[in-house]
Number of protein chains: 2
Amino acid sequence: MTALLHHFSQYITLSDDLSSEISNRVKHQTFKKGHLLHDANKICTHSYFIQQGLLRLYFLKDGKEVSEYFCCEKEWVNSPRSFMQQKTDIYYIDAIEDTTVFSLHVQDLVFLFNHFPEMERYARLSMGSMVGHFLERITSMRFTTAREKYTHFCETYHDIYHRIPLGMIASYLGITQETLSRIRADK
Amino acid sequence: MTALLHHFSQYITLSDDLSSEISNRVKHQTFKKGHLLHDANKICTHSYFIQQGLLRLYFLKDGKEVSEYFCCEKEWVNSPRSFMQQKTDIYYIDAIEDTTVFSLHVQDLVFLFNHFPEMERYARLSMGSMVGHFLERITSMRFTTAREKYTHFCETYHDIYHRIPLGMIASYLGITQETLSRIRADK
DNA sequence: ATGATTTTTTGATACAGATCAAAAATTATT
DNA sequence: AATAATTTTTGATCTGTATCAAAAAATCAT
């Protein structure tokens with residue numbers, strides 16, 4: 001719980017009232033490696049704050065899994081458009097490792113937004129950094145070789161890239177497993 | 001002005017007070033085609049809401065311009081990370097057409113955030129749709145041919161793609177001008 | 001532990017799109 | 001309107017990465 005409240009406090013000052021409302025609404029859960037936390041055919045009703053572990057957002061293209069991104073400790077995960085707009089979307093979420101999370105139901109989040117304006121600010125600020133990450137990613141995807149993409153990936157995900165299977169990284173980068181394997185091989 | 005207030009009202013209910021505070025703080029400006037609205041060497045202090053025209057966010061890679069995205073009527077433009085975090089970033093903003101905007105200074109926006117919680121909500125919601133767009137773009141950039149990228153671009157930017165020079169579209173898509181020219185040529 | 005899956009590596013070949021070069025067309029400037 | 005500058009098109013060639021195939025290695029399940 002400490003980790004979660006500390007996360008909020010990096011963006012806003014947490015009143016005791018808000019702290020306890022968050023604590024009371026959040027649920028501690030553990031998922032085993034390989035577990036499907038969210039299915040593309042459903043509407044995403046929960047957001048997960050990772051305490052320990054590694055989760056993945058992915059979708060299917062031509063029957064094959066394409067990893068959209070990876071989330072580790074101290075980050076929120078959900079199916080963004082599905083969670084925000086309460087409609088279905090293409091993304092699945094699964095666990096790359098055994099993972100423990102604090103999960104928050106969308107209705108509880110709506111309650112927090114409606115009663116604590118600072119939560120709106122928190123969401124604005126944290127979404128801002130999300131936008132920043134996406135921008136950097138889009139930039140690094142164009143006019144770069146497969147090797148440059150991989151190098152950039154390892155820099156950006158320095159502390160987790162070795163925890164993710166090669167095939168998942170390849171699809172994240174938009175290259176084939178074979179190519180990534182060859183890149184890793186030489187030098 | 002109507003267009004701007006109407007834009008806000010799609011996300012939040014505008015009180016008369018907030019409406020007039022926005023109106024008083026916004027400045028109407030016109031820029032000629034080719035004008036540089038923001039320079040990468042400076043900190044972005046203004047956000048521009050386009051009334052009429054077309055603006056572009058771009059950066060330089062190996063001395064060549066790479067278009068990051070295009071913004072047209074009823075959209076806000078700024079250098080995202082520079083504006084949000086008040087630091088320098090790689091992006092320039094210029095005008096593809098003669099363009100009229102309502103410009104808002106970052107300090108005025110901060111004022112609005114501090115005095116009107118609903119503005120925080122507006123920002124959260126509009127950033128949410130931004131995230132959605134970026135996600136779709138990242139998805140459509142991987143494992144797609146140059147032709148598929150262009151087709152997707154024309155669908156997404158249906159009403160403006162014919163107003164943007166070929167070379168700018170090519171760099172936006174991460175393909176060369178020559179390739180895009182050939183794609184347009186056949187069929 | 002042992003066999004079965006799954007993942008990663010290695011090899012051979014093919015092709016989409018890059019690069020280099022230059023002509024044609026369009027747009028801007030005097 | 002004429003000239004200059006820029007943008008787009010066309011052509012020829014080259015290359016990085018995909019694809020197809022199969023072996024090797026790692027991981028999982030009984």
Side-chain angles (χ1 to χ4, degrees), chain A residues 31-36 53-54 56 58 60-67 70 92 94-99 139-154 160-187, chain B residues 31-36 53-54 56 58 60-67 70 92 94-99 139-154 160-187:
Chain A
F31 302 106
K32 283 191 298 183
K33 176 177 178 174
H35 183 263
L36 193 73
L54 193 51
R56 173 179 70 132
Y58 71 94
L60 297 176
K61 185 179 170 81
D62 307 327
K64 286 189 288 188
E65 296 180 359
V66 177
S67 298
F70 310 102
Y92 298 81
D94 70 357
I96 295 179
E97 304 174 346
D98 290 355
T99 301
T139 297
S140 81
M141 282 177 70
R142 285 173 301 168
F143 306 110
T144 52
T145 62
R147 169 165 274 113
E148 286 169 335
K149 288 185 180 76
Y150 181 63
T151 303
H152 182 264
F153 175 80
C154 292
I160 58 165
Y161 78 93
H162 55 280
R163 292 155 65 182
I164 306 169
L166 176 142
M168 292 184 186
I169 295 177
S171 72
Y172 171 90
L173 296 175
I175 62 180
T176 60
Q177 324 192 65
E178 294 93 326
T179 296
L180 182 51
S181 175
R182 279 181 251 262
I183 287 169
R184 279 187 169 174
D186 60 77
K187 177 175 162 315
Chain B
F31 303 107
K32 281 191 299 184
K33 175 178 179 174
H35 184 262
L36 192 73
L54 192 52
R56 172 178 71 132
Y58 72 93
L60 296 176
K61 185 179 170 81
D62 306 326
K64 285 190 288 189
E65 296 180 359
V66 177
S67 299
F70 310 102
Y92 299 80
D94 71 355
I96 294 178
E97 303 174 346
D98 290 354
T99 301
T139 297
S140 81
M141 281 177 71
R142 285 174 303 169
F143 305 109
T144 52
T145 62
R147 170 165 275 113
E148 285 169 335
K149 289 183 180 77
Y150 180 62
T151 303
H152 181 263
F153 175 80
C154 292
I160 58 165
Y161 78 93
H162 55 279
R163 293 156 63 183
I164 305 168
L166 176 141
M168 292 185 186
I169 296 176
S171 73
Y172 172 90
L173 296 175
I175 62 180
T176 60
Q177 324 193 65
E178 293 94 325
T179 297
L180 182 52
S181 175
R182 279 181 251 263
I183 287 169
R184 278 187 169 174
D186 60 77
K187 181 176 164 310

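Here the structure is a predicted model, which means the values were calculated and not measured.
- Regarding D186(A), its CG atom lies at a distance of 14 Å from the C1' atom of dT17(D), rounded to whole Å.
- In this structure, R147(A) atom CZ and dT17(D) atom P are separated by 9 Å, rounded to whole Å.
- Taking side-chain N and O atoms only, T145(A) has no distance below 4.0 Å to OP1 or OP2 of dG16(D).
- Within the 4.5 Å cutoff, the side chain of E97(B) has no heavy atoms near those of the I160(B) side chain.
- We find that CD of E178(B) is positioned 11 Å from C1' of dT7(D), with the value rounded to whole Å.
- Among the protein residues, G34(A) comes within range of no part of the nucleic acid, since none of its heavy atoms lies under 4.0 Å from any strand.
- Distance check, rounded to the nearest 0.5 Å: CG of L173(A) to CE of M141(A) gives 8.0 Å.
- You'll find the side chain of S171(B) reaches within 4.5 Å of the side chain of F143(A), heavy atoms only.
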Write out a two-atom table: protein N or O, nucleotide N or O from nucleotides 23-30 of chain D, distance below 3.5 Å.
residue: dC28(D); atom: OP1; partner: K33(A); partner atom: NZ; Å: 3.2

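- In terms of position along DNA chain D, the nucleotide closest to R182(B) lies nearer the 5' end than the nucleotide closest to the other residue of the pair T176(A) and R182(B).
- T99(B) and G53(B) get closest at one heavy-atom pair: OG1-CA, 3.6 Å.
- Rounding to the nearest 0.5 angstrom, the gap separating the CD atom in E65(A) from the CG atom in D94(A) is 6.5 Å.
- Contacts between chain A and DNA chain C, taken as any atom within less than 4.0 angstrom of a protein heavy atom, begin and end at dT8(C) to dA12(C).
- A side-chain donor-acceptor contact under 3.5 Å links R184(B) and Y150(B).
- No side-chain heavy atom of H152(B) sits under 4.5 Å from any side-chain heavy atom of T144(B).
- The closest side-chain heavy-atom distance from F153(A) to L180(A) is not below 4.5 Å.
- For K64(B) and dT7(D), the NZ to P distance is 13 Å, given to the nearest whole Å.
- Other residues, nucleotides and ligands contribute only 12 or fewer heavy atoms inside 6.0 Å of the NZ atom of K64(A).
- Residue D62(A) contributes atom CG, which lies 10 Å from atom P of dT19(D) at whole-angstrom precision.
- No engagement by L180(B) is indicated, since no non-hydrogen atom pair under 4.0 Å with the nucleic acid exists.
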